[in-house]
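Quick caveat, the model's predicted, so the values are computed rather than measured. The chains referred to below are lettered A, B, ... by the order of the sequence lines, with proteins before strands, and numbering in each begins at 1.
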There are 2 protein chains.
Amino acid sequence: MEFKESKEKFIQSWGVLGSSWGINRTMAQIHALLLISPEILSTEEIMSELQISRGNANMNIRALMDWGIVTKHFKTGERKDFFFADKDIWEIARKITKERSKREIEPVIRILNELKGVEGESAEIKQFKQTVGDLESFTSKLNSVVDKFVKSDEHWFYKNLLKIVK
Amino acid sequence: MEFKESKEKFIQSWGVLGSSWGINRTMAQIHALLLISPEILSTEEIMSELQISRGNANMNIRALMDWGIVTKHFKTGERKDFFFADKDIWEIARKITKERSKREIEPVIRILNELKGVEGESAEIKQFKQTVGDLESFTSKLNSVVDKFVKSDEHWFYKNLLKIVK
DNA sequence: CTGAACTTTCAGTAATTATTGAAAGTTAAT
DNA sequence: ATTAACTTTCAATAATTACTGAAAGTTCAG
């Protein structure tokens, strides 16, 4: 397969994966492009490579910087901003996991805890309490595992998680 | 807090969580409703409880059945279909994980493996190979952990995963 | 200061995704 | 074979989400 074709396919696939995980297609594509790029890229380059507008590029690059997986760089003598994606997959996974836990899991745990307090003895209320309790317990445990992962390094993962997989 | 209010809040929250994970809001809400319902519910009841149309209810209930987390039941003497959600959170998590792995992770691994074969020695191509290789390696490892989880029971999780969390 | 080079914002628009509701399809009792 | 009870489908429409591009904002060299 031609390199250009492979590159295209990689960027496309990453975009599709992103959108099935609630990350917008363009954001995932910009990340993919930066991931395979050995050099820092300017906004212009990203725009022309992905055929997107300046506004779109700008907003999605900013989002990637908010996630902490893309950084801004400068070239001496140039006024433009350039962007670079961290290439360490473990580090990327940790950062994404951390953000999603903070944005999505933690608020849910808070609500579930709040809802556990409902009063009553009817079958309906009993089932509600049971379900909410079970979900809270599950989600909290999940979050501890996630948290451990976030604070770990690749070595830890090998030593522990991969061991139990065998 | 009133039960009715709690119920409402639970269904709403579950809907929001669902949509940030690429599952549509209504599907998540129907699931939430069934999860806290001790009895099987008819399409009518789901429609009126969530204020949605028949078509919408039907399509999303079917999707939940495809995921294997909702089942169809009958009441003697009644012709209508009734629906019930499995209440075992571990079982639900396993089924969802299994489906998402199959639908999303496995196809990506296939594409990455395909892309690993690109030929060339330029810096650009070297970075491409490196990134694609790292992603493939990460994703495959992730998938083994996921697979182990899918095949596990709650007891396994306690014994192993929770142990390393401490 | 000034203005050129660049970045950000955001109202308008396009694209995508979800929902409705009525018609077509199915099933089973009579 | 008919029909009432029920389910499924799907074209039309609504709701949501993403994108564009031009205008406003910022920065900094001269």
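Residue pairs meeting the ring pair (Phe, Tyr, Trp, His ring centres under 6.0 Å) criterion with at least one member in residues 85-118 of chain A, sequence neighbours excluded: A:W90-A:F157, A:W90-B:F138.
Screening B:E106, B:E104, B:E99 against B:K102 for a salt bridge (charged side-chain N to carboxylate O under 4.0 Å, His left out) leaves a single residue, B:E99.
Salt bridge A:K151/A:D147: present, at least one basic N to carboxylate O contact under 4.0 Å. With salt bridges taken as basic N to acidic carboxylate O contacts below 4.0 Å, one links B:K9 and A:E114.
Two residues, B:I23 and A:N58, neighbour DNA chain C, and the one matched to the more 5' nucleotide by heavy-atom proximity is A:N58.
A distance-only check finds a donor-acceptor pair linking the side chain of B:E45 to the backbone of B:S42 [under 3.5 Å].
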statement: Reading nucleotides 19-30 of chain C from 5' to 3' and marking B where a protein heavy atom lies under 4.0 Å of the base, S where only the sugar-phosphate is that close, and - otherwise, the string is SBB-----B---
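Computed from coordinates, the B:F74 CZ to D:dA5 P distance equals 18 Å when rounded to whole Å. Atom-to-atom, CD1 of A:I61 to C1' of D:dT20 comes out at 15 Å; the value is rounded to the nearest Å. The separation between A:R62 atom CZ and C:dT8 atom C1' is 7 Å, rounded to whole Å. Between A:E78 atom CD and C:dT7 atom P there is a gap of 10 Å when expressed in whole angstrom units.
The CD atom of B:Q12 sits 9.0 Å away from the CG atom of B:L50 when rounded to the nearest 0.5 Å.
Pairing each heavy atom of B:S6 with each of A:V118, the nearest pair is OG-CG2, 3.7 Å.
Remark: nothing in residues 30-46 of chain A comes within less than 4.0 Å of DNA chain C through any heavy atom.
A cation-pi contact, defined as under 6.0 Å to the ring centre and within 45° of the axis, is absent between A:K7 and B:F128.
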